[in-house]
Each structure stands twice: as C-alpha cells, then as structure tokens.
Protein chains: 2
Amino acid sequence: MVTARIRTDQPSRAAHEGIAVRVSLKDVAAHAGVSIKTVSNVVNNYQHVTPAMRERVQRSIDALGYRPNLAARHLRKGRTGIIALALPELGNPYFAELAASVIDAASEHDYIVLLDHTGGMREQELLVSQGFRARVIDGLILSPIELEAEDLRDRAQDVPLVLLGERDYDLPYDHIAIDNVAAARAAVRHLICLGRREVAFIGARRGRSEPAQLRVRGWREELTAAGLSADEGLVAATDGWGHADGALAMNHILDSGRRPDAVFAYNDPMAIGAMRVLHERGLRVPEDIAVVGFDDVIEGRFGAVTLTSVSPDKAAIGRLAVESVLARLNDRAPEPRRIWADYRLAERESTLGRPAAGKVTDV
Amino acid sequence: MVTARIRTDQPSRAAHEGIAVRVSLKDVAAHAGVSIKTVSNVVNNYQHVTPAMRERVQRSIDALGYRPNLAARHLRKGRTGIIALALPELGNPYFAELAASVIDAASEHDYIVLLDHTGGMREQELLVSQGFRARVIDGLILSPIELEAEDLRDRAQDVPLVLLGERDYDLPYDHIAIDNVAAARAAVRHLICLGRREVAFIGARRGRSEPAQLRVRGWREELTAAGLSADEGLVAATDGWGHADGALAMNHILDSGRRPDAVFAYNDPMAIGAMRVLHERGLRVPEDIAVVGFDDVIEGRFGAVTLTSVSPDKAAIGRLAVESVLARLNDRAPEPRRIWADYRLAERESTLGRPAAGKVTDV
DNA sequence: GACGGCATGTATAACGTTGTAAAACTTGAG
DNA sequence: CTCAAGTTTTACAACGTTATACATGCCGTC
C-alpha cells in the first residue's frame with residue numbers, strides 16, 4: 001500500500017493550509033543539504049555548530065515547519081517529558097488546586113502532567129503505583145489513601161515515586177506533606193484558647209485505620225496537653241471525605257445526645273457539611289459551636305459563616321513534589337527525604353466571637 | 001559507556017525484588033524460543049495463533065514480566081493512547097468534576113488523560129490548540145474562553161480537536177455543550193414564575209465580549225418574552241469567574257443603588273460569592289433576593305442557603321467528548337457535529353419561599 | 001500424490017531520533 | 001609545507017515495536 005503521507009513541494013504552505021504533513025529530520029536534512037545528525041545537532045543546541053550552518057539549517061526547519069517527534073525521541077532517550085499525578089479525588093477542591101499547582105510547577109521544567117484519580121481505593125492506587133494505568137511516564141506523584149506500605153515495597157523501581165499527603169510510610173521514597181500532627185494541634189489549641197472544652201473530631205476513616213490518624217492524634221495530644229479529656233465518643237468515623245460525609249457525621253454526633261462546643265473536621269468540605277447541619281438544627285456557629293476545617297479551600301471563604309481552616313502551602317507542595325521527582329530522575333537523588341511544607345491557621349468567622357459584618361473577608 | 005541495564009538469569013525474581021529490569025519482545029522471544037513477531041502476535045491478540053503457542057509464549061511473558069514499551073509502539077503505530085484535556089481552571093469545581101468524568105470515560109477506552117489548564121487566557125489556549133504544550137497526544141478536548149474562531153482556523157489538523165463549553169464557533173470541529181440559551185432562559189423563567197421582576201445578571205465578561213454571551217442572551221430573551229425589561233444596568237461585568245468576582249459584581253450592583261429581587265449568576269462560585277455579599281449586607285436569600293447559579297457544583301448544596309442551579313449532565317459531557325475524539329481518531333468521522341448534552345434546573349432554597357429546615361437537601 | 005488454499009510462524013524493514021566513532025575539514029606551529 | 005590538534009560534520013547503529021511479505025506445514029481434493 002502506498003504510504004498515506006502527503007508530501008508537497010511546499011510543505012510550509014501545506015501546513016499553513018491545515019493539511020497534515022509530517023516532517024522529519026530526514027526531510028529537513030535533504031532540504032538543507034546536510035546530514036540528519038547535523039540537523040539534530042541544531043535542534044538540540046549542540047555546542048559545536050558554526051553559526052552559518054545553524055542559520056542555514058534553521059531556515060530549512062522553519063520553511064518545512066519541522067517539529068520533533070517525541071515518540072522517537074522518547075524511544076531513543078528513554079524519557080517522555082511526562083509525569084503522572086495521581087490524586088484521590090478531583091472533586092475535592094483541595095486536590096484540584098493542588099493539581100493546578102503541580103501542573104504549573106511541571107510546566108516550568110518543560111514537563112507535562114498526566115492526571116489520574118484513584119477514588120482513594122486501594123485497588124486503583126495499586127494499579128497506579130505499579131504503572132499499569134499510565135506507562136509512558138518519567139515519574140509519579142501519588143497521594144495515597146488506602147495503600148499499605150507493603151503494597152509499595154515490592155514495586156518495580158522503574159520510575160521515581162514521590163508520595164504526598166497524610167499517610168506516613170517507612171519507605172525509601174520522598175514524602176511531601178505538612179506536619180499533620182502539629183497542624184491539627186494548632187487547630188485544636190486555637191479552639192481551646194477560645195474557651196472551648198468539648199472538641200469533636202469529624203472524619204476518622206471507617207474501616208482501615210490509617211488515614212486521618214495523624215490529625216486525630218494531634219487532636220488527642222493537644223486536648224490531653226491542655227488537661228482536657230480526649231473523649232473518643234466525640235470522634236465520628238465516616239466512609240468518605242465529602243460534604244455529605246461531614247453532614248452525616250455531625251448529625252450522628254448530635255443524635256447521640258452530645259453537645260460539643262467545637263468541631264474539628266478532617267477537611268473543609270466535611271466542615272462545611274457539618275456547618276450546614278448545625279444551621280439546619282438551629283445551632284449557631286461560632287456562638288454555640290465553633291468549627292475548624294483543614295485545607296483552606298476557596299469555598300470556605302464565602303459561606304454565610306466563613307471557615308477557619310488549616311492552610312497548607314499548596315503552591316509549595318506542588319513545587320516540591322515536582323522538584324523531587326525530577327531530581328530523582330536526574331540521578332541527583334539523595335537519601336529519600338521527608339519534606340515538610342509550610343502551613344498556617346487561617347482564622348475566620350467560624351471561630352470568632354462575632355460573626356460577619358462589613359466586607360468579604362480575607363480573599 | 002556500558003549500558004546501565006541490568007540483566008539477570010531470573011528477571012522475574014529481580015523484578016519482584018524491585019530492581020529495574022526492562023524486558024523487550026526480543027528477550028521474551030529468546031526465552032520462548034520463537035520469533036519476535038510471534039510474541040508480538042500473542043501480545044496483540046492476533047487471531048491466528050495456536051492455543052499451544054499462545055500458552056507457551058504467555059508463559060515466557062509472565063516469567064520475564066514483560067510489559068510493552070509504549071514509546072516504541074507509538075513510534076511504530078503513530079498512536080500514544082493519550083488524549084489531552086485543556087480546561088480554563090481546575091479551581092472551579094465544575095471543571096474539576098468535568099475532568100474527573102473525562103478521565104473515567106477515557107479510561108473505559110484504555111485511554112489516558114493529559115490535563116492542562118489555560119487560565120482562560122488566549123495565549124495559553126492558542127499554545128494548547130496548536131499542540132505546543134503537549135505533543136504526544138492522539139486527540140485534544142479543549143474548553144476555550146478567549147480563543148477566537150480565526151485562531152483555530154489555520155490549525156494544523158494533525159490531532160482531532162473537540163470543543164467544549166459555551167463558546168460558539170462556526171468551525172469544522174465537534175462541539176459539545178448544553179443549550180446555554182435555553183438553559184439560561186429556563187433559569188430566568190423559574191425566577192419570573194416566583195414573581196420576581198427585576199432579575200440581575202452577574203458575570204458578563206469584561207473586555208472580550210463572547211463568553212457568557214449566550215447566557216446573557218437567554219436572560220434577555222426570557223425577560224423580554226415575559227414582557228419585562230431586560231435592563232442592561234442590571235448586567236454586571238467581571239474580570240474572572242470566581243467567588244470573589246461574584247462578590248465584587250454583587251457589591252457593584254447594590255452600590256449603584258439598584259435593588260433587584262433576583263440574581264442569575266454565570267456560574268455557581270459567582271452565585272455563592274454574591275450570596276455572601278447579600279448575607280453581609282443583611283439581605284435575605286431568597287426572601288429579598290432569589291439567586292440562581294449555573295453548573296450545579298457540590299458546594300452549592302451545603303451552604304446555609306442551598307443554591308438553585310442549572311445542572312448540566314457532566315458525566316454525559318465527558319463521555320461524549322471522549323467518544324467524539326476517539327471517533328475522529330478512528331476515521332469514523334462524520335460531519336462535524338454540535339452535540340447537545342442534557343441539563344436540568346436543580347431547585348433549592350435560594351429560590352424557595354421558605355428556607356431550610358429538616359435534613360440536608362438533595363444530595 | 002501433487003496442488004491449491006489456509007493457517008501459522010518467521011525475517012526484515014521501517015518508524016524518527018540520538019550517541020558513538022570516525023571522517024573531513026580548519027587552524028596554527030614548526 | 002607538513003603535521004598535530006583542534007573543530008565541525010557525517011555515517012551508522014541502536015531504541016522496541018509492528019507491517020509486510022514470505023516461508024512453512026497441514027489439510028482435503030481432484
């Protein structure tokens with residue numbers, strides 16, 4: 001069969017007219033009357049090329065509209081220029097914002113991001129970590145939820161892996177996170193300083209125990225340190241981490257007859273779900289119950305009651321994750337590191353004495 | 001330099017121990033004592049392979065832990081198995097949810113999604129549409145904001161392009177969207193049926209005119225059809241489409257001395273930003289001012305006042321987009337089509353007579 | 001029992017790129 | 001002028017895969 005490729009005398013014109021033309025180094029070389037490798041040298045900014053030659057070849061490149069074939073380059077070099085980012089859920093705005101920050105950071109290094117989501121399910125996380133979902137990647141940034149250390153232990157080390165988030169493995173991989181225990185303690189301390197004495201925790205994960213563990217621990221430690229009781233009856237387990245889960249958990253606590261004067265939620269959507277329930281039940285935030293969330297997502301700043309939240313430096317996390325992956329790719333790979341990103345506590349109406357009045361706060 | 005590849009007598013064992021081993025068809029062929037192509041045939045489920053041979057080769061594949069090299073396959077076949085999805089913003093939960101739906105749909109066809117975001121900036125959209133940001137893709141799904149028709153007209157037709165969203169081009173590309181004019185009219189009609197007479201529109205785009213145009217048009221048409229005046233003084237232009245922009249716009253309208261009895265916002269985040277302002281100014285929703293948003297993002301269901309919103313069928317949009325791209329890839333390419341996705345109006349507290357009481361609504 | 005036809009397996013040549021090594025030029029010193 | 005020591009360019013062989021075309025073996029049939 002005749003190859004379906006279209007060649008014209010004036011490919012540049014053809015290209016301009018929108019006809020598919022694939023131009024290879026070979027074509028450029030022929031056009032410029034030099035060898036393929038010389039063209040390659042020009043394309044790759046090889047040092048020893050005379051300005052005259054560079055000029056001449058560049059002219060042909062422009063004329064033909066040549067663009068390197070990445071598949072071939074990849075096959076040859078073993079690099080794709082793609083890193084994968086696997087997150088539990090895109091629906092959670094925290095992860096969406098994180099994804100944006102990773103994409104931007106990667107793009108600064110001329111890397112492109114392949115995005116995947118696991119739903120926080122071990123099965124999916126396993127597939128991702130072993131590269132079965134995306135097999136064209138130079139590196140992987142994974143934010144695991146259910147994955148166990150053992151799942152990662154016998155992973156083929158083909159592509160470098162960087163872990164994100166709250167899970168705490170003892171494994172030879174870079175891990176980027178904020179200090180969850182300290183951050184949780186800061187949040188709870190803030191509540192205690194407001195005079196709250198019964199602080200509920202919403203969002204311990206039902207079933208497998210690990211996720212949220214660190215934040216629960218922070219909650220427990222801080223209460224204990226303050227001489228208050230860390231009453232496990234005030235810890236509400238949930239199946240997921242969405243608004244609805246927060247609402248369910250809040251209802252559950254209130255239905256059990258408890259009346260905490262503060263709630264610390266695993267994340268913002270859950271805190272907002274909880275606030276909705278409080279509103280429905282006629283409980284005032286923060287007068288009756290103060291609420292603190294985690295992640296500082298944008299929507300927390302625009303509710304009827306704006307939400308106090310632990311605010312991780314998402315931009316830094318994205319940047320650090322990308323840099324870690326690329327460092328390992330380029331063999332500048334030091335010992336596996338635990339990298340702590342910054343965070344702060346963004347205080348808003350949900351923990352203030354007086355609720356809103358005036359202008360939109362803290363945008 | 002010696003190639004860094006490690007080969008052992010028992011690669012499977014090595015793989016299990018996490019040592020990087022790259023196994024090619026050649027290795028499998030040697031191991032099974034057959035030709036490379038035969039192994040390839042097995043891998044590709046070629047029809048004419050005896051069960052015995054298939055069995056034997058498969059055994060070698062498993063033993064060596066062979067996995068096809070996608071770069072090579074791509075180079076040979078001209079396909080990557082990757083489609084790109086370029087959205088304006090991931091921070092907007094609508095787009096995040098849409099991304100999730102595209103990823104899922106793609107994964108059903110064994111395709112992987114490369115995600116990019118343009119910030120809604122023409123420059124970025126141009127780069128994306130011409131494939132300068134991602135050059136390893138089989139197809140592109142783009143949700144443009146500022147891009148003009150002319151920008152797409154002289155695009156090289158290398159990879160199929162499918163357009164998403166409100167922009168309305170007369171170009172030979174598939175376009176998937178809901179009927180924005182009709183949806184906007186439905187939203188405004190709903191407000192009118194509630195007895196509202198002064199309906200403001202928030203979110204006409206400042207500067208370049210196109211985006212939001214269809215929704216503004218729907219607003220205008222429906223008001224006119226109802227015999228009401230489509231007062232352009234009630235249309236607030238904004239720079240972006242976030243919560244803060246909605247808040248600014250709402251403030252702007254109120255500061256101008258107008259007191260509309262309803263607000264129709266370009267999207268949910270803007271509607272929520274507007275509601276926050278109304279709350280700060282002591283105006284009640286819906287009693288004083290009813291609010292309708294667009295996109296039906298999850299957070300609209302958990303505010304103190306839940307938000308009525310136009311709810312596009314995001315799953316369908318994602319699915320249709322992926323199917324369109326793949327159809328065009330496989331040459332089953334009919335005439336460029338405009339495909340309408342479903343939508344409905346999700347009615348909630350922000351347009352009800354009486355606000356919440358009872359349970360979390362409509363999750 | 002040779003022969004067409006079919007099912008099965010194989011050798012080889014691409015795909016477009018870059019690394020290596022060697023060839024072809026410069027240049028400047030003796 | 002020659003030759004050594006650069007600098008610049010070239011030829012060629014990979015990278016791992018699949019398409020093509022061909023070789024083989026096995027039927028049943030004339």
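So you know, we letter chains A, B, ... as the sequences are listed, proteins then strands, and number each from 1.
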Does any N or O donor sit under 3.5 Å from an N or O acceptor when you compare the side chain of B:Arg76 with the base of D:dA19?
no
For the pair made of CG in A:Asn44 and P in C:dG19, what is the distance, rounded to whole Å?
7 Å
Non-hydrogen side-chain atoms of A:Ser107 and A:Ile112 separated by less than 4.5 Å
no
Nearest-Å distance, CG (A:Asn69) to P (D:dT17)?
17 Å
Atom CZ of A:Arg79 and atom P of C:dT17: how far apart are they, to the nearest Å?
19 Å
Examine distances only and state if a side-chain atom of A:Asn69 and a backbone atom of A:Ala71 form a donor-acceptor pair shorter than 3.5 Å.
yes
Would you say B:Asp138's side chain and B:Thr80's backbone share a donor-acceptor pair under 3.5 angstrom?
yes
Can a donor-acceptor pair be found between the side chains of A:His175 and A:Asp168 at a distance below 3.5 Å?
no
Summarise protein proximity over nucleotides 4-10 of chain C in one line of letters, 5' to 3': B for base, S for sugar-phosphate only, - for none, counting protein heavy atoms closer than 4.0 Å.
----SSB
Please, what dot-bracket string fits DNA chain C when only Watson-Crick and G-U pairs with both distances under 3.5 Å count, crossing ones use [ ] and pairs to another strand use |?
||||||||||||||||||||||||||||||
Separation of D:dG16 atom P from B:Leu70 atom CG, nearest Å, is 13 Å
Can you tell which of D:dT17, C:dG16, C:dT18 lies closest to the side chain of A:Leu75?
C:dG16
Using a strict cut-off of less than 4.0 Å between a Lys/Arg side-chain nitrogen and an Asp/Glu carboxylate oxygen, indicate whether A:Asp174 and A:Arg338 qualify as a salt bridge.
no
Indicate yes or no: does A:Glu148 engage A:Arg167 in a salt bridge with an N to O separation below 4.0 Å.
yes
What integer distance in Å separates B:Lys26:NZ from C:dT12:P?
14 Å
CD on A:Glu150 to OH on A:Tyr169, rounded to 0.5 Å
10.5 Å
A:Arg67 has an atom CZ; how far is it from atom C1' of C:dT17, in whole Å?
16 Å
How close or far is atom C1' of D:dC15 from atom NZ of A:Lys77, stated in whole angstroms?
13 Å
Could you give all pairs that pass the salt bridge (Lys or Arg N to Asp or Glu O under 4.0 Å) test and reach residues 43-61 of chain A, with sequence neighbours left out?
A:Glu55-A:Arg59
When you measure from the side chain of B:Glu125 to the backbone of B:Glu146, do you find a donor-acceptor pair of N or O atoms at a distance under 3.5 Å?
yes
